[in-house]
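Working notes for the structure below.
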There are 2 protein chains.
Amino acid sequence: MTESLEHFFTNKFTCTTDEISEVVKHFKYVEASKGEVLIEDGNVCRYLYFVIKGCLKANFIDANGQETIRYVAFENQLISSIHSFINQTSSNEYITVVEPSKLLAISYTDFKLELSKSSLFKDFYIKMLEITYLNNHWRIETFLRLDAKQRYDYLLKNDKRLVQRLSNKNLSHFLGITQESLSRIKAKK
Amino acid sequence: MTESLEHFFTNKFTCTTDEISEVVKHFKYVEASKGEVLIEDGNVCRYLYFVIKGCLKANFIDANGQETIRYVAFENQLISSIHSFINQTSSNEYITVVEPSKLLAISYTDFKLELSKSSLFKDFYIKMLEITYLNNHWRIETFLRLDAKQRYDYLLKNDKRLVQRLSNKNLSHFLGITQESLSRIKAKK
DNA sequence: CAAAAACATTGACAAATGATAAATAAAATC
DNA sequence: GATTTTATTTATCATTTGTCAATGTTTTTG
């Protein structure tokens with residue numbers, strides 16, 4: 001069950017298989033069905049998830065019930081309500097299951113323990129934050145530079161999975177526009 | 001000259017003054033005048049800057065000469081073209097001086113050396129990435145949830161310095177709108 | 001499989017934002 | 001301090017995007 005996470009580690013670090021299994025053993029296998037809410041707005045996020053198979057989203061829902069999507073994780077990606085997880089404070093976003101998923105989850109307690117014990121784990125955390133940074137960077141850049149149609153085209157070119165595997169509704173909430181606008185953008189092509 | 005960086009460390013970590021000076025000694029004092037370009041689009045970013053006094057921006061300029069601003073650093077904040085600095089690859093953004101500034105700069109060479117030697121420095125880097133994460137997070141959130149006027153009001157409420165110390169032009173480029181739109185938003189108040 | 005619910009598309013209209021241009025105002029430069 | 005450049009505001013008009021409503025299409029569920 002943990003092969004893909006082990007693979008994730010071997011890809012990103014120079015370390016022995018013993019070191020990897022030392023870290024990976026703290027992750028527990030979980031299955032989650034579509035629509036399941038893993039972390040609720042207002043609660044403290046106690047887990048960091050690695051996606052073996054499936055798809056999760058980090059999303060907000062505002063006072064009018066309007067949804068927006070900050071981040072989407074597919075296979076071999078990590079997801080958490082990072083702010084809440086890091087500081088063990090109340091989360092302002094949800095983590096929701098988009099496709100039936102197989103996951104590996106590590107609790108904050110284990111995470112923190114490993115972080116203080118293992119130098120490799122510290123490197124893992126740094127790598128995770130760096131990957132997250134790159135992701136956030138292009139997100140901000142596309143919002144600053146591009147209008148809705150251009151953002152859609154950007155995804156088509158650079159992250160096709162989002163267009164292919166998300167519903168129009170989810171994709172529009174990821175792009176920060178309405179379903180209707182996305183429908184029109186796709187029709188115009 | 002290094003007092004404020006030392007203070008930055010003492011605020012964020014539990015460490016001795018010896019440990020701090022060990023890290024801080026790698027930062028070199030630099031002065032920079034308004035309009036100066038510290039890192040150019042297309043070049044590799046070799047420095048990470050800490051702002052003692054003044055203001056820097058991380059900005060893009062597109063093919064039509066249109067500017068957008070990803071991030072603004074005031075006193076006691078760090079700034080770099082992080083993507084480029086981390087991987088020593090070509091930067092897709094500029095770092096430009098907004099107000100005459102007093103800075104502390106660390107080179108990538110020293111940064112990497114410290115990172116491999118010092119556990120405190122690793123913690124410093126983790127903290128830096130976490131702070132950066134929080135900043136990127138609210139940026140993405142405001143782009144997703146809010147229109148231009150609401151984003152302006154958000155800054156007024158949560159980060160007034162940006163409204164007070166940036167020119168309208170810079171502020172509009174930070175908000176991802178035109179100067180004219182910002183003028184109208186301010187007039188409507 | 002049928003009914004219900006959720007999702008997707010389309011049209012009409014309103015509101016927000018961008019583009020362009022012109023007129024002041026402010027700042028930088030000599 | 002006068003001149004030049006840059007920034008700001010205001011107006012007009014075009015375009016994009018949002019809102020609301022109607023309809024058709026899928027998906028879910030019993």
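Please read these numbers as outputs of a predicted model, since none were measured by experiment.
In B:Tyr47, the OH atom is not crowded: 12 or fewer heavy atoms of neighbouring residues, nucleotides or ligands sit closer than 6.0 Å. Crowding of A:Lys12 atom NZ: a count of heavy atoms from other residues, nucleotides or ligands under 6.0 Å exceeding 12. Heavy atoms from other residues, nucleotides or ligands lying under 6.0 Å from NZ of B:Lys122 number more than 12. Within 6.0 Å of NZ in A:Lys117 there are more than 12 heavy atoms belonging to other residues, nucleotides or ligands. No more than 12 heavy-atom neighbours from other residues, nucleotides or ligands sit within 6.0 angstrom of NZ on B:Lys112.
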Might you work through the side chain to side chain contact (heavy atoms under 4.5 Å, CB included) test for B:Asp123 and B:Lys127, ending with a clear yes or no?
-> CA-CA 6 Å; B:Asp123 291 338; B:Lys127 186 58 89 175; over 6 Å; no
Tell me, with the steps shown, if B:Leu56 and B:Ser101 meet side chain to side chain contact (heavy atoms under 4.5 Å, CB included).
-> CA-CA 8 Å; B:Leu56 307 186; B:Ser101 299; 3.9 Å; yes
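The separation between B:Glu99 atom CD and C:dA28 atom C1' is 17 Å, rounded to whole Å. Taking atom NE2 of residue B:His173 and atom P of nucleotide D:dT6, one finds them 14 Å apart after rounding to whole Å. Taking atom CG of residue B:Asn168 and atom P of nucleotide D:dT10, one finds them 11 Å apart after rounding to whole Å. Distance CD (B:Gln179) to P (C:dA21): 16 Å, rounded to an integer number of Å. Between A:Lys186 atom NZ and C:dT10 atom P the separation is 11 Å, expressed in whole Å. Protein atom CG of B:Asp62 is 13 Å distant from nucleotide atom P of C:dG18, rounded to whole Å. Counting to the nearest Å, the P atom of C:dG18 and the CG atom of A:Leu146 are 13 Å from each other. A:Lys169 places its NZ atom 14 Å from the P atom of C:dT9, with the value rounded to the nearest Å.
The two residues A:Phe85 and A:Ser80 have their closest heavy-atom pair at CB-OG, 3.5 Å.
Interface residues of residues 159-166 of chain B facing DNA chain C, ordered by number: none; criterion, heavy-atom separation under 4.0 Å.
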Letter by letter from the 5' end, nucleotides 15-30 of chain D scores (B base, S sugar-phosphate only, - none; protein heavy atoms under 4.0 Å) --BBBB-------S--
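Among the heavy atoms of the strands lying under 4.0 Å from B:Ser183 is at least one base atom, whether or not backbone atoms are also near.
Remark: A:Arg46 is not positioned above the aromatic ring of A:Phe111, lacking an NZ or CZ atom under 6.0 angstrom from the ring centre and at most 45 degrees off the axis.
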